Student: 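Once you've had a glance at the structure underneath, I'll fire off some questions.
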Amino acid sequence: QVQLVESGGGLVQAGGSLRLSCAASGLTFRKYIMGWFRQAPGKEREFVSAITWANRSLPYADSVKGRFTISRDNAKNTLYLQMNNLKPEDTAVYYCATSDRWTTDAKGYDYWGQGTQVTVSS
């Protein structure tokens with residue numbers, strides 16, 4: 001079955017960096033658009049970024065533009081999110097997900113990982 005496993009989250013001070021990974025199995029990775037979403041306590045799940053098999057990315061959410069970079073390694077079936085200059089408001093559970101369409105809507109994503117917690121202290 002399809003499995004998406006996120007890793008790389010943790011506790012970091014404001015201004016620091018983290019690199020999230022999402023290892024995919026049970027699917028033909030290169031066929032899917034891969035996305036990152038996040039959800040803070042009490043808030044709705046928010047689109048962060050997405051990327052095609054050819055490493056073309058959708059526009060980033062305004063809140064992360066210029067600080068986050070999405071990438072993928074199709075040979076390793078792995079999606080990445082490099083997060084720099086982290087802010088306390090970036091604190092959330094980060095999820096990776098797959099889609100067969102070009103969308104920022106979470107409803108358009110079919111398979112989801114379990115999430116990885118990112119906490120940014122001020």
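When a residue number appears, it is its place in the shown sequence, counting from 1. Bear in mind the structure is a predicted one, so any value in this text is a computation, not a measurement.
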Student: Tell me yes or no: between the side chains of Ser71 and Arg19, is some donor less than 3.5 Å from an acceptor?
Tutor: no
Student: To the closest 0.5 Å, what do you measure between OG (Ser49) and NZ (Lys65)?
Tutor: 10.5 Å
Student: Going from CD1 on Ile33 to OG on Ser57, what distance comes out if it is rounded to the nearest 0.5 angstrom?
Tutor: 11.5 Å
Student: Mark yes or no for whether Arg67, through its side chain, and Asn85, through its backbone, hold a donor-acceptor pair below 3.5 Å.
Tutor: yes
Student: Atom CG of Leu4 and atom CH2 of Trp112: how far apart are they, to the nearest 0.5 Å?
Tutor: 10.0 Å
Student: Can you tell if the side chain of Ile51 reaches within under 4.5 Å of the side chain of Leu58, non-hydrogen atoms only?
Tutor: no
Student: Is there a donor-acceptor pair under 3.5 Å between the side chain of Thr91 and the backbone N or O of Glu89?
Tutor: no
Student: Residues two or more places apart in sequence or in another chain: which of them pass ring pair (Phe, Tyr, Trp, His ring centres under 6.0 Å) with Tyr60?
Tutor: none
Student: To the nearest 0.5 Å, what is the distance between CG on Asn55 and CG on Asn74?
Tutor: 6.5 Å
Student: Please round to the nearest 0.5 Å and tell me the distance separating atom CG of Asn77 and atom OG of Ser25.
Tutor: 8.0 Å
Student: Are any side-chain N or O atoms of Ser99 and backbone N or O atoms of Gly108, one a donor and one an acceptor, separated by less than 3.5 Å?
Tutor: yes
Student: Are Tyr80 and Leu20 linked, directly or through other ILVMFWY residues, by side chains that come within less than 4.5 angstrom of each other?
Tutor: no
Student: Give a yes or no on whether the backbone of Gly26 and the side-chain of Gln3 come within a donor-acceptor separation of less than 3.5 Å.
Tutor: no
Student: Tell me every residue that passes side chain to side chain donor-acceptor pair (under 3.5 Å) with Gln117, counting only those two or more places apart in sequence or in another chain.
Tutor: Thr119
Student: With no hydrogens and no angle check, is any side-chain donor or acceptor of Tyr109 less than 3.5 Å from a backbone partner on Thr103?
Tutor: yes
Student: Return the CE to CG distance between Met83 and Leu18, rounded to the nearest 0.5 Å.
Tutor: 4.5 Å
Student: Any chance CH2 of Trp102 has more than 12 other-residue heavy atoms, nucleotides or ligands included, within less than 6.0 Å?
Tutor: yes
Student: Please name the pair of heavy atoms, one in Cys96 and one in Leu79, separated by the smallest distance, quoted to 0.1 Å.
Tutor: CB-CD2, 3.9 Å
Student: If every non-hydrogen atom of Ser122 is compared with every non-hydrogen atom of Ala14, which pair is closest and at what distance?
Tutor: CA-CB, 4.4 Å
Student: What about Tyr111 and Leu81, same hydrophobic cluster or not, with Ile/Leu/Val/Met/Phe/Trp/Tyr joined at side-chain heavy-atom distances under 4.5 Å?
Tutor: yes
Student: Identify the two heavy atoms, one from Ala24 and one from Leu27, that lie closest to each other, and give their separation to 0.1 Å.
Tutor: CB-CD2, 3.6 Å
Student: Determine yes or no for a side-chain-to-main-chain donor-acceptor pair under 3.5 angstrom, with Arg30 supplying the side chain and Thr52 the backbone.
Tutor: no
Student: Specify whether Tyr94 and Phe68 have parallel, tilted or perpendicular ring planes, treating 30° as the upper limit for parallel and 60° as the lower limit for perpendicular.
Tutor: tilted
Student: Using every non-hydrogen atom in the two residues, find where Cys22 and Met34 come nearest and quote the distance to one decimal.
Tutor: SG-CE, 4.4 Å
Student: Establish, yes or no, whether the cationic atom of Arg45 lies under 6.0 Å from the six-membered ring centre of Tyr95 and within 45° of the ring axis.
Tutor: yes
Student: Is the closest side-chain heavy-atom distance between Glu46 and Trp36 below 4.5 Å?
Tutor: no
Student: Taking only residues two or more places apart in sequence, or in another chain, which ones meet Gln82 in a side chain to side chain donor-acceptor pair (under 3.5 Å)?
Tutor: Asn84
Student: Flag the pair Lys87 and Asp90 as a salt bridge only when some basic side-chain nitrogen lies within less than 4.0 angstrom of an acidic carboxylate oxygen.
Tutor: no
Student: So do Lys76 and Phe29 actually touch side chain to side chain, heavy atoms under 4.5 Å?
Tutor: no
Student: Do Val5 and Phe37 sit in one hydrophobic cluster, given that two such residues count as connected whenever their side-chain heavy atoms are within less than 4.5 Å of each other, even indirectly?
Tutor: no
